[in-house]
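These notes are about the structure you will find just below.
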Amino acid sequence: MVLARWGLVPFFAKSLADFKGFSTFNARAEGITTAATWRGPVKSRRCLVPVDGFYEWKALDDSRKPKKQPFAISLKTDEPMAFAGLWDAWKEPKLKGESLHTADTWLQSFSIITTEANEIMANIHTRMPVILRQRDWAEWLDRDLEKSPPIHLLRPYDSDEMQLAPCNPMVGNVKNNGAEMLECPAPDTPPLNSA
DNA sequence: CCAGACGTTGTT
DNA sequence: GTCTGG
DNA sequence: CCAGACGTTGTT
DNA sequence: GTCTGG
């Protein structure tokens with residue numbers, strides 16, 4: 001198990017600056033074998049991403065202004081789960097004349113794969129991460145290049161085994177972290193200054 | 001041929 | 001690195 | 001994705 | 001409204 005940067009940087013990127021603003025947090029399962037950024041990784045650099053759960057926002061369109069309610073999503077068993085992921089390795093291209101003996105530092109990065117929402121997720125969103133069952137982990141990680149990638153595993157998880165709970169809107173700000181993100185404040189509490 | 005892209009989600 | 005668009 | 005910025009001159 | 005940063 002390794003730590004890696006979320007947001008896959010393809011091996012062919014010329015510089016990290018060029019890649020700034022490019023969204024590779026998610027890889028759509030549809031077309032994943034042909035997309036330039038994903039086809040190499042899906043062939044030979046598949047990984048699992050362990051998580052306790054994840055958040056997704058539901059757009060509430062019952063008011064003029066679009067508002068969002070975040071939900072925390074997990075397995076009913078509260079066990080951790082494994083997202084299907086892809087990884088790559090990138091290093092700054094060597095300039096001409098640059099010593100071949102300078103230390104290479106490789107950036108390890110990954111993306112998670114998304115698929116269409118299952119029934120329970122469709123209540124709040126159109127997409128969801130691909131979650132793999134333990135019995136499928138070995139097949140997903142198999143590095144035998146003679147075999148074609150097991151893309152049949154890239155489908156929505158069983159709704160009956162998942163649970164959603166409204167959670168703390170503070171989670172919408174990336175600076176906020178911690179268990180209290182899972183706690184939903186009393187619903188429909190008007191803002192104190194709304195009088 | 002060379003230059004430029006190479007990706008996703010959501011929202012209207 | 002490899003494909004697409006001009 | 002959501003939150004937060006969105007600007008200039010001059011000074012250190 | 002739209003872009004940037006986290």
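Numbers restart at 1 for each chain; the letters A, B, ... are given by sequence-line order, proteins then strands. In this text, all values refer to a predicted model and were calculated from it rather than measured experimentally.
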Legend entry - C1' gap between dT8(D) and dC2(B), integer Å: 41 Å

Inset, instruction - Could you run through nucleotides 1-6 of chain C and give me one letter per nucleotide, 5' to 3': B if any protein heavy atom sits under 4.0 Å from the base, S if only the sugar-phosphate is that close, - if neither? - result: BSS---

Inset, instruction - For dT2(E) and dG7(D), measure between their P atoms and round to the nearest Å. - result: 15 Å

Inset, instruction - Ignoring the backbone of K68(A), work out which of dT8(B), dT11(B), dG7(B) is nearest its side chain. - result: dT11(B)

Inset, instruction - Tell me whether the OP1 or OP2 atom of dG4(D) has a side-chain N or O from N173(A) closer than 4.0 Å. - result: yes

Legend entry - Parallel, tilted or perpendicular: ring planes of F25(A) versus W6(A), cut at 30 and 60 degrees: perpendicular

Legend entry - Consecutive-pair stems (3 or more, Watson-Crick or G-U, under 3.5 Å) for DNA chain B: B:1-6 with C:1-6

Inset, instruction - Give a yes/no on whether any side-chain N or O of T24(A) is located under 4.0 angstrom from OP1 or OP2 of dG7(B). - result: no

Inset, instruction - Report whether M128(A) and F71(A) are members of the same hydrophobic cluster (ILVMFWY, side-chain heavy atoms less than 4.5 Å apart, transitive linking). - result: yes

Inset, instruction - Please determine, for the side chain of W57(A), which listed nucleotide (dC2(D), dG4(D), dT8(B)) has the closest atom? - result: dC2(D)

Inset, instruction - Determine the Euclidean distance between corresponding P atoms of dT11(D) and dG4(B); express it in Å to zero decimal places. - result: 41 Å

Legend entry - Straight-line distance of L75(A) CG to Q163(A) CD, nearest 0.5 Å: 8.0 Å

